[in-house]
Number of protein chains: 2
Amino acid sequence: MKKEVTTMKDVAKEANVSIATVSHVINNTKNISKATRMKVMSVIEKYNYKPNYSAKTLRQQSTKTAALVISSYPDSFVTEMIFAIEERAKEMGYNLLLVNTKENNEYEEKTINLLYSNLVDGILLSPTSGDIQYLHKYTMEKFPIVMINRYEDSIKNIPRVTGDNFQLGYDATTHLVKHGHKNIGFIFTYPNVSTTADRIRGYQQALKQANLPFNEELIIQGFAHADGGADAARELLEKETKVTALFIQNDLMTIGAIDAIKKLKKSIPDDIAIIGFGEFSASHIIEPPITNVVLPPETIGKIAFDTLLNKINNPDYMSHIELPHSMTIRKSCGC
Amino acid sequence: MKKEVTTMKDVAKEANVSIATVSHVINNTKNISKATRMKVMSVIEKYNYKPNYSAKTLRQQSTKTAALVISSYPDSFVTEMIFAIEERAKEMGYNLLLVNTKENNEYEEKTINLLYSNLVDGILLSPTSGDIQYLHKYTMEKFPIVMINRYEDSIKNIPRVTGDNFQLGYDATTHLVKHGHKNIGFIFTYPNVSTTADRIRGYQQALKQANLPFNEELIIQGFAHADGGADAARELLEKETKVTALFIQNDLMTIGAIDAIKKLKKSIPDDIAIIGFGEFSASHIIEPPITNVVLPPETIGKIAFDTLLNKINNPDYMSHIELPHSMTIRKSCGC
DNA sequence: AAGAAAAGGTTAAACGATTAACCTTAAAGA
DNA sequence: TCTTTAAGGTTAATCGTTTAACCTTTTCTT
């Protein structure tokens, strides 16, 4: 599939100048007389000529493209983050490649490997919950990678931007504790992931501080969609845990859980109080309106991209940024 | 920012073979003795060598990258479509570049222009509602573009895959008519877009068939988010239109509209019946559960990508594919 | 008016692969 | 045994830019 496309050579020939001159006109990299410039420009216009990106890249060793590798099915938090990153990339003159590894560790490694082939200048990575030790290879070579949302402590030299998930878990739990709850269920999506671990630490800390016992049975995993939330909620309610409150880490799951609880003829928040994670379009419309603890997806996205840019421009750049959460109080928590 | 990266040359030197041999080993494009192959492989392994993508691309004139250019803020329909496309691309050995033009026509043109620079092999375009006549330039050059969701009739030679939006509008409206509604509001997001136009034609056809008058006041635009839906619904209810049913073209707007209607102390579906567009995670949980007319985002995405592949491999390829919708009946329509 | 500096161009060497064409040597056919 | 064919490699051209180095010619400086 050979495309017959105008090249710089063609333009140069038609305009009766050298290739170098054409390049200089395009990039404004040398003084060019108005006459020549106009001549060249008109030829460019005439043939709708565009410089070949690969050739440019090959010569300049910079693709002006970044990749965003996410792992989970995108809920509204992730979706908003994605588009914030896309926008920021655009602003900074970068293109964005999107890859979803769907929590497939093996595929993730293959992807990073592929991207590493000078396809992109750097990678924004929200890693899978699997083993990501293979990343060491890249940090050694100082290939620009920035972790977003999730991190892995054993891998040094990778900057990251995440939410302050410990505090988030702590605050959400404390809020429920203040409403008098003693048996608080915690429904998460992926284990072995920093987000989950940090929030659970916060949860435990809050209980400890309130002199409440920590019951492992109250912490369970669910699939990251509505049905998964419903299943998890049912499981928790049917166990002998006397659970009276739920802290759910995913918007779709929250929706599912609410549905399931209603179907069990329990009232929210009277029988079961709920705090969800992440603001989404239906948060305030669902009955009852959902209290959420939220992280700012746009801010995280933009800062992450800027961090990546720093890392690209300075291979030794390092930072760990933790963004604070906020809480949107509505009825589902009992307030 | 020069990266010191191993090249094929380095590998060749270290393995004591020619560059060509290394290339042949990597691409399996010639008989190579087992001994040499192993020698080369081990050097590749040792240096974690990856072929330079730009060089490869430059030589082969194919980037194995496609772009998805969407225009609107992504609701769940679009989000699911995006990831279906990303997955399909992956399957077919392509990378996916994502661009959101946010309904900015000027930016859209700039984007297409940029992408055209051999950055991608082809573009999947869901165009803005603005003037897209500039596309003629590209169809002339047979640059592979496929329209997705939206199309523009005046631009020939561009394949497209969309929903059968006429039928969708017709069926949704007819359903409401059968419930006895005579004044059916139609809330859309973007005017001058084929999706909207086709659905309105369907709406009109349904009214005509039922001998109902067409009242232009009942068709209004709203911003594509929850507040926009709320505003539009209020506007319609406050007008002297005696509206008793609403057909809303966007999930967020539907959520907003429901909220607004409830706040006006009207009951759904008794006072106002509602049919939304697109299935989303809260569809069945909202009170009342929402009746939706839905298009299959994954199918549209996958078929669109395959169509683009066809177009890439055969510049004369042409097709107009219309996917059928389905309807998920719940309570909001009065059933 | 002489010398220096600026303006406006050009030449040619990269950048890092792929691949047709060529060259040996070994194996197979007759 | 002689000729053909296959196997295993290499050389060098090519893809389309960028950019340092070089060369004229014009314009300043003093």
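First the proteins, then the strands, lettered A, B, ... as listed; each starts at 1. All values below come from the heavy atoms of this structure, side chains included, with hydrogens, waters and symmetry mates left out.
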Identify the pairs formed between an N or O of the protein and an N or O of nucleotides 19-29 of chain D at a distance under 3.5 Å, and give each distance.
none

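One can place CG of Leu58(B) at 11 Å from P of dT18(C), the figure rounded to the nearest angstrom. Separating the CG atom of Asp10(B) from the C1' atom of dC15(C) is a distance of 13 Å, rounded to the nearest angstrom. Regarding Asn28(B), its CG atom lies at a distance of 15 Å from the C1' atom of dT19(C), rounded to whole Å. The nearest whole Å value for the distance from the CG atom in Leu119(B) to the C1' atom in dG16(D) is 14 Å. The interatomic distance linking Lys64(B) (NZ) with dA17(C) (P) rounds to 19 Å, in whole Å.
Positionally, the nearest nucleotide of DNA chain C for Asn31(A) lies more toward the 5' end than for the other of Asn16(A) and Asn31(A).
If you check dT18(D), dC15(D), dG8(D) against the side chain of Thr36(B), the one that comes closest is dG8(D). The listed nucleotides are dT10(D), dT11(C), dG16(C); the one nearest the side chain of Ser18(B) is dT10(D).
Applying the side chain to side chain contact (heavy atoms under 4.5 Å, CB included) test to Met38(A) and every residue at least two apart in sequence or in another chain returns Lys34(A). The side-chain hydrogen bond (donor to acceptor under 3.5 Å, both in side chains) search around Lys64(A) returns none, not counting sequence neighbours. Residues passing the side chain to side chain contact (heavy atoms under 4.5 Å, CB included) test with Glu109(B) are Asn113(B), Tyr134(B), Lys137(B), sequence neighbours excluded. Scored by the ring-ring contact (aromatic ring centres under 6.0 Å, His included) test, Tyr94(B) finds Phe305(B) as partners (sequence neighbours excluded). Every ring-ring contact (aromatic ring centres under 6.0 Å, His included) that Phe77(B) has, sequence neighbours left out, goes to Phe277(B).
At least one side-chain nitrogen or oxygen of Gln61(A) sits closer than 4.0 Å to the OP1 or OP2 atom of dG16(C). Using a 4.0 Å cut-off, no side-chain N or O of Tyr53(A) falls inside it from OP1 or OP2 of dT18(D). Neither OP1 nor OP2 of dG16(C) sits under 4.0 Å from any side-chain N or O of Tyr49(B).
Judged purely by atom type and a 3.5 angstrom limit, Asn314(A) has no side-chain atom pairing as donor or acceptor with the backbone of Asn310(A).
Within the 4.0 angstrom heavy-atom criterion, no nucleotide atom of any strand lies near Lys34(B). Using a 4.0 Å heavy-atom criterion, one finds that Val17(A) contacts the sugar-phosphate atoms exclusively.
Salt-bridge formation is not detected for the pair Lys90(B)/Glu87(B): no Lys NZ or Arg NE/NH1/NH2 atom is positioned less than 4.0 Å from an Asp or Glu carboxylate oxygen.
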